[in-house]
Number of protein chains: 2
Amino acid sequence: MANEVQSLDEIDQAMLEALAGNARISLKELAQQVGLSSPSAAERLRRLEERGVVKAFTIDLDPAAVGYPLQAIVRVRPLPGQLHMVERIIQDIPEIVECDKVTGEDCFIARLVVRSMAELDGLLDKVAERAETNTAMIKASPVKRRLPPLSRKR
Amino acid sequence: MANEVQSLDEIDQAMLEALAGNARISLKELAQQVGLSSPSAAERLRRLEERGVVKAFTIDLDPAAVGYPLQAIVRVRPLPGQLHMVERIIQDIPEIVECDKVTGEDCFIARLVVRSMAELDGLLDKVAERAETNTAMIKASPVKRRLPPLSRKR
DNA sequence: ATTGAAACCGTACAGTA
DNA sequence: TACTGTACGGTTTCAAT
C-alpha cells in the first residue's frame, strides 16, 4: 500500500489543534474556527480520517476520579524464553493502560493505574516469576499528552 | 474542595466506553447504545464532565502519518542542581508529547516522536550537559492506550 | 427519565472560481 | 479540485411532566 506522508496545510493543522482541544465541537464551530464553510470542514475532516492522520476521537479520563489515585511506569525485562508469555500476561492486566515494546535491556515499558500500593504489589506478582521489573511511581506530569509539531518545514 | 470518588453506575460505564471508542458520536446514538433518551444521556455526560471524570474529548493522531516514523521513551536523570532547568527544557521540546516525573533514580520519563535518529540525537543534546539520559526506541505497542477497569466494586 | 416542540446542525447538491 | 450557499432531514435542547 502507498504509505506516503502527505503534508498538512495550515487549515488541516488548525483543525487538528481545535479537535485535540475538544473533539466534540460541532462541524459548524470547527469550520468557523478555521475560516471555512461547514461542508468544506466536513470534507477535510473526512479525508484526514481516511488518510489515517486521525486514528480516533476519544476521551481523556481522570484515573483518580474513577478510583485510581496512583499511577506507575513499570519496566519489564522477561527472563530467557518468557517473552511471549510475559507479553500475554501484560495484555491481560486491565490496569495496564498502555504498554510499549522497546529496544534495550527492558523489553516492555508499561503504564498502569492502581488503587493502592497493595494492589500494585499484587499486579507485579503476576509476572514476578517470569520477568524482572523496575517500578517508578508517577508524582507529576510536567507534559500532559499533547500533539507533536504539525508545522513541518520541508 | 470535596474530592470524593463517587461511583459510576453501569450506564455511566457504558457511556464512557462508547465515547472512548468514538468521542464524536451523536448524543442520540450514545443514548441508544446505553438505553436512554437523548436528554438523559446529555445530562449524564454533562455531569461526568462536571465531576472531572472526563477531562477532555480529544483525538489520537498517527505520528507516522504526520511525518514522525520513530518514537522513543527517554529516561532522564538530571545532574545535581539541574532538576528545574531540565524540567523546563523538556517542556520546551515540542517533540516530547508526554512526560512524567517519577520516583526512583530517573527523575523524568518522556515519550517523544522524531523524523530520524539524527533528529533524536539533536534533541538529546539539549539536555546532555545537564542530565544523563537513557533512550529506548519503541518497536511496537502491545497495549494501545485504553481505559482502566471501570466496573470494580468498591 | 421521558416526551414533544422549537432551535440548531449536518449533509447533499448545485453553483462558482 | 476545492470551496460556498442553500434546503431538507436529523439532532440537540428546553419545558413540562
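Within every chain, numbering begins at 1; the chains are lettered A, B, ... in the order of the sequence lines, protein sequences first and strands thereafter.
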### Summary
Rounding to the nearest 10°, end axes of the helix from dA1(C)-dT17(D) to dA17(C)-dT1(D) built from five pairs each make an angle of 40°
#### Entry: Expected output: side-chain Arg115(A) to main-chain Leu70(A) donor-acceptor under 3.5 Å
no
### Query
Under the 3.5 angstrom rule, does the side chain of Thr58(A) hit a backbone N or O of Ala20(B) as a donor-acceptor pair?
yes
### Query
Is it true that Arg46(A) and Glu43(A) have a side-chain N and a carboxylate O under 4.0 angstrom from each other?
yes
### Query
How far apart are the C-alpha atoms of Leu150(B) and Leu61(A), what are their side-chain angles, what is the distance that settles it, and do they pass the side chain to side chain contact (heavy atoms under 4.5 Å, CB included) test?
CA-CA 11 Å; Leu150(B) 301 174; Leu61(A) 281 201; 4.0 Å; yes
### Message
Check for me, please, whether Val74(B) and Val74(A) land in the same ILVMFWY cluster - side-chain distances under 4.5 Å, paths through other members count.
### Response
no
### side-chain contact (heavy atoms from CB on, under 4.5 Å) partners for Arg130(B), two or more places apart
Gln82(B), Met85(B), Val86(B), Ile89(B)
### Task
Would you please name every residue forming a side-chain hydrogen bond (donor to acceptor under 3.5 Å, both in side chains) with Glu29(A), sequence neighbours left out?
Gln33(A)
### Query
Between residues 34-46 of chain A and DNA chain D, which residues have a heavy-atom gap below 4.0 Å?
Leu36(A), Ser37(A), Pro39(A), Ser40(A), Arg44(A)
### Message
With the threshold set at under 4.0 Å for non-hydrogen atoms, list the residues of residues 17-27 of chain B touching DNA chain D in residue-number order.
### Response
Ser26(B), Leu27(B)
### Message
Distance check needed: dC9(C) P versus Glu29(B) CD, whole Å only.
### Response
20 Å
### Task
Give the intermediate values and the outcome of side chain to side chain contact (heavy atoms under 4.5 Å, CB included) for residues Leu27(B) and Leu45(B).
CA-CA 9 Å; Leu27(B) 285 171; Leu45(B) 183 51; 4.1 Å; yes
### Along DNA chain D, first and last positions that approach a heavy atom of chain B under 4.0 Å
dT11(D) to dC14(D)
### Task
Identify whether the distance between the nearest side-chain nitrogen and carboxylate oxygen of Glu98(B) and Arg111(A) falls below 4.0 Å.
yes
### Message
With a 3.5 Å distance limit and no angle check, can you tell me whether Tyr68(B) reaches the backbone of Pro149(A) through a side-chain donor-acceptor pair?
### Response
yes
### Message
With a 3.5 Å distance limit and no angle check, can you tell me whether Asp9(A) reaches the backbone of Ile11(A) through a side-chain donor-acceptor pair?
### Response
yes
### Task
Check the pair Val97(A), Val143(B) against side chain to side chain contact (heavy atoms under 4.5 Å, CB included), reporting the backbone distance first and the verdict last.
CA-CA 7 Å; Val97(A) 295; Val143(B) 179; over 6 Å; no
